[in-house]
Amino acid sequence: PPHVRGYTFANMKFLILPMLIFVGSALADVPVIPLPQEVKPQEGVLELAGEVEVVLPPGGGSLVLPTLREVGLDVREGGDESRIRFVGASDLDGDRFGPAPVGEGYLLMVRPHGIRVYAAEASGHFYGLQTLAQLVEGAPRCEEGVVTLAAMDIRDEPRFGYRGFMLDESRHFSGMEAVKRLLDGMARLKMNRFHWHLTDSPGWRIEIKAFPKLTTVGGRGAETDVRDDAPAQYYTQDQIRGILAYAAARHIVVIPEIDMPGHADAAVKAYPEHGGGGYLQRGSTVKWPNFTFNPAREETLAFLDTILAEVAGLFPEAGIIHFGGDEVHFGWHHWPELPEVQALKEREGFTELAEVEAWFNRRMAGVINDLGFKTGGWDEITGRDLPIDKTVIYWWRHDRRDVLGRALERGYPVVLCPRRPAYFDFVQHDSHQVGRRWGGYNPLADVHVFPDCLGLDWEEASTVLGVQACLWTEVTVSQARRDFMTWPRLIAMAEAGWTNAGRKDFACFEERLRPWLGWLDSRGIGYFDPFEGSEEVTDEGVAVEYLDMPE
Ligand code: TNX
């Protein structure tokens, strides 16, 4: 067909120079992030021009045509003669092309006559599509409307099964549009877990039908807006279902977090009877007077059970319900005075508050497990005798390697998200004034070399599920600043989660990052420019914006 020309001697001369440049400099590192595990150059080039027909993957692949259109191809669904074909892995001729891809893996073959993407699962086809989209976007267009791709085989699969990002919605609320844009970026980067931190002291952001005041009262205000009459910001259950569908289409699992027994002020503001007292900051001032739930009161436990049951119904595919469990001892000072805690200690023979906390953890983890989910928890829960096969530990205290060691020794599945370098509320450049530091900060290069900077013995660390970046939002009031803190570091985290250690090279990453900044520009997503430098987005004097308000 005239719109697709193969590799002929006549048109070769126009291609030889760009091809040499492409093959010489870029084939080992195709313009794709995360860098694929294996790229093998083949003979010739493929030109795509005009209308291109596509065979969709077995499951349908609803985003195949839209994604290819987005990168400038004029595509439509076609028959067996189509130039681009998504094919089941079982159709691969193994004698000629080697083992079939499995799981999230794919084999992308670009040949002078067309493209095939083999995968065993829908997620594999989806990731092959993301790679193809980036190849097309980065391809030389020597002639108007003609996309020229060097022939190659890309055989790819992720290093880790868990490639996550956590967003704190409590301190400052992001809203539907920002979350969808984030999911778009994660999908393009082959990230597959969105950990949604929906509750914390400043605001409760998830509608619970049984307890409407959690959102109408507990959802008021933000970290930087503590007015009693501030508007409430939260996601309705319909909105949450919308986000879940959007994420599922992009092969992203959304993991909800309901933090307990600490970080509970917003819930206690709505239902004071469930409070267990406050948070003493620097020994004296009470910053969060209702930091905890009462860990031993029957009615409070039943209240939390009801919340968890609703969350389980709303997030049927989450696999994990995260129940926080962090920083409780910062705010448990009133527990000894609670009659229910006294009774529990007596009944169980506990002498320490830590035993009360552990009892609470086990009690709530049991409920989550009975609902059919694993319990996710911050690394404080490591010593609490929660079941190894039903618990996932999120290691965040970078200064507590001992805790990581203990979790791995016991055989817990672990998600690696240490403050350094995985917390994106830390600054990313030495010149930045606003944001956290802790014996240093989190520059792009540190994120990229993660988790190998930890020097883990991967045989001992075989239960590590993967990596996660976390954006805590105490000091990110505006979306512009949240973007600035997130990007481009999330791009480096995606490569950390996907690409094998031996394949990663920061200079090569930087080359591939340049076009990505254009992708962010095209979506109106802000970022810190690591090449040119860019002015720090500080939010100085910026007030909380109330967008997207539920009725
Ligand atoms: C610690 S990470 C917290 C968060 C804060 C964060 C700020 C964790 C489990 N708890 O509540 O937002 O530090 O960096």
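Both counts, for ligands and for their atoms, begin at 1 and track the order of listing. Because the structure is a prediction, the values reported are computed rather than measured.
Listed by chain and residue number, nothing satisfies the side-chain hydrogen bond (donor to acceptor under 3.5 Å, both in side chains) test with E510 (two or more places apart in sequence, or in another chain). Taking the salt bridge (charged side-chain N to carboxylate O under 4.0 Å, His left out) definition, one finds that R163 meets it with E104, sequence neighbours left out. Applying the side chain to side chain contact (heavy atoms under 4.5 Å, CB included) rule to D521 yields the partners Y527; only residues at least two apart in sequence or on another chain are considered.
A salt bridge is defined here as a Lys NZ or Arg NE, NH1 or NH2 lying under 4.0 Å from an Asp or Glu carboxylate O, and D446 with R489 fails to meet this definition.
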Distances under 3.5 Å, N/O of ligand 1 against N/O of the protein: list each pair and its distance.
residue, atom, partner, partner atom, Å
ligand 1, 10 (N), D326, OD2, 2.9
ligand 1, 11 (O), R171, NH2, 3.0
ligand 1, 12 (O), R171, NH1, 2.8
ligand 1, 12 (O), E474, OE1, 3.3
ligand 1, 12 (O), E474, OE2, 2.7
ligand 1, 14 (O), D425, OD2, 2.6
ligand 1, 14 (O), R436, NH1, 2.6

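Residues T473 and F173 are not in side-chain contact: their nearest non-hydrogen atoms beyond the backbone lie 4.5 Å or more apart. Residues R436 and R419 have side chains in contact (heavy-atom distance under 4.5 Å, counting atoms from C-beta outward).
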